[in-house]
2 protein chains.
Amino acid sequence: MATVETRGEPLSIGEVAERTGLSVHALRFYEREGLLVGPVRRTAGGRRRYTAVDVDWLLICVRLRESGMPLADLRRFAELVRRGPGNEAERLRLLDAHQRRVEAQIQALEECRSVIAWKVSVYTEHLGRGEAGGLWDPTA
Amino acid sequence: MATVETRGEPLSIGEVAERTGLSVHALRFYEREGLLVGPVRRTAGGRRRYTAVDVDWLLICVRLRESGMPLADLRRFAELVRRGPGNEAERLRLLDAHQRRVEAQIQALEECRSVIAWKVSVYTEHLGRGEAGGLWDPTA
DNA sequence: ACTTGATCTAGACCTCGCTCCAGTTCCTAC
DNA sequence: GTAGGAACTGGAGCGAGGTCTAGATCAAGT
């Protein structure tokens, strides 16, 4: 996948924040919450050093979150991955279920869009007619 | 619009809850928050009696909320409508801005969907090959 | 009359997903 | 060696959007 150019050098939390769009706070929070697959490496001084793999995982997390997967599910998924091979079927079920939810979401949004578009057109037309009052108001 | 068959008879809060999908609690909450266009009528005994117009407005609210409009914006919109004619341009701006957000949202979701679909296909293929381990794991 | 169930109000409480703070330590540059 | 910025931990706080409780009232059925 290699979605992000990291040239093998580990990244600081700030750099990862930039690359993923998550805040530094959120990154630490995700870690505390067990949303990462492995423990993040540390420098001698205790600072986090993220690898490209960490970042790729985070980018997936971001997509899953963006599409409304709750942190709890994300955590379950991370656990499965952490446990290693053997549970791929379960991971697939999880993803698949989420995919369906996303599709439902898109459809719902499209319905909303058309309702809104209709309303927008009602107003546009009304204004186009030069404020000719009388627009059926309470719900318009 | 007449999205809902009400035959002119006012409805109780429970009936409106059924028709709009909002909970009875949420309906009272919305009212307190000034999200309705007019004050809801009451029976002698103090119970709310919703008209078809109220319900239509609520159905629009539901769509706007479903598509992520914050309650604050919904309140602003309700206020504009409450104030009566003359501010249609502002109402339009509000709706139009929201419409754009919805479109952006749909696009974002579609990107998420395709990322997820890709991941689903990785797993499906992997499982299809009969558990032939070696799936690049940490992010898979 | 009595039971049952829906509604009423005011306000406390809840979940989610961060965000921010305090106080400290690390590191880089001058 | 010192200043200044980034990162560290643990825990408190927050905003959104409801949800729920308590205790009372209303209304319909038997």
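Given the structure is predicted, the values throughout are model-derived calculations rather than measurements.
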For [N], does either OP1 or OP2 sit under 4.0 Å from a side-chain N or O belonging to [X]?
| X | N | result |
| --- | --- | --- |
| A:Tyr30 | C:dC18 | yes |
| A:Ser12 | D:dA7 | yes |
| A:Arg28 | D:dC8 | yes |

Both A:Ile13 and B:Leu22 contact DNA chain D. Which one's nearest nucleotide lies toward the 5' end?
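Final value for this comparison: A:Ile13.
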
Mind running salt bridge (Lys or Arg N to Asp or Glu O under 4.0 Å) on A:Glu110 and A:Arg113 for me, showing each step along the way?
CA-CA 5 Å; A:Glu110 263 158 9; A:Arg113 174 173 59 179; 3.6 Å; yes

Nucleotide [N], atom [atom2] - distance to [atom1] of [X] in whole Å:
| X | N | atom1 | atom2 | result |
| --- | --- | --- | --- | --- |
| B:Met69 | D:dG18 | CE | P | 14 Å |
| B:Leu35 | D:dA16 | CG | P | 13 Å |
| A:Arg32 | C:dG17 | CZ | P | 15 Å |
| A:Leu11 | D:dA7 | CG | P | 11 Å |
| A:Asp73 | C:dT15 | CG | C1' | 15 Å |
| A:Glu31 | C:dG17 | CD | P | 18 Å |
| B:Glu33 | C:dG11 | CD | P | 14 Å |
| A:Leu27 | D:dT9 | CG | P | 12 Å |

Return whichever of A:Arg65 or B:Val24 has its heavy-atom-nearest nucleotide of DNA chain C closer to the 5' end.
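Taking each residue's closest nucleotide, the earlier one in sequence belongs to B:Val24.
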
Heavy-atom count check: over 12 atoms from other residues, nucleotides or ligands less than 6.0 Å from B:Arg82 CZ?
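Enclosed: over 12 neighbouring heavy atoms sit under 6.0 Å from CZ of B:Arg82.
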
Other residues, nucleotides and ligands only: do more than 12 of their heavy atoms fall within 6.0 Å of CD on A:Gln107?
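No.
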
Considering only side-chain heavy atoms of A:Phe29, which listed nucleotide, D:dT21, C:dT7, C:dT19, is closest?
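Nucleotide nearest to A:Phe29's side chain: C:dT19.
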
Closest to the B:His25 side chain, choosing from D:dG10, D:dC20, D:dG18
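Nucleotide nearest to B:His25's side chain: D:dC20.
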
Looking at residues 41-48 of chain B, who's got a heavy atom less than 4.0 Å off DNA chain D?
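The stretch gives B:Thr43, B:Gly45, B:Arg47 as the residues lying under 4.0 Å from the strand, ordered by number.
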
Could you go through B:Glu31 and B:Arg48, starting from their C-alpha distance and side-chain angles, then the distance that decides it, and tell me whether this counts as side chain to side chain contact (heavy atoms under 4.5 Å, CB included)?
CA-CA 11 Å; B:Glu31 188 176 337; B:Arg48 294 171 177 81; 2.6 Å; yes

For the aromatic rings, using the six-membered ring if either is Trp, is the centroid distance between B:Tyr50 and B:Trp57 under 6.0 Å?
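Ring centres of B:Trp57 and B:Tyr50 not closer than 6.0 Å.
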
Trace of the salt bridge (Lys or Arg N to Asp or Glu O under 4.0 Å) decision for A:Arg101 with A:Asp96
CA-CA 9 Å; A:Arg101 280 193 299 268; A:Asp96 201 54; over 6 Å; no

Determine whether the side chains of B:Arg83 and B:Asn87 contain a donor N or O and an acceptor N or O closer than 3.5 Å.
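Checked: B:Arg83/B:Asn87 side chains show no N/O donor-acceptor pair below 3.5 Å.
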
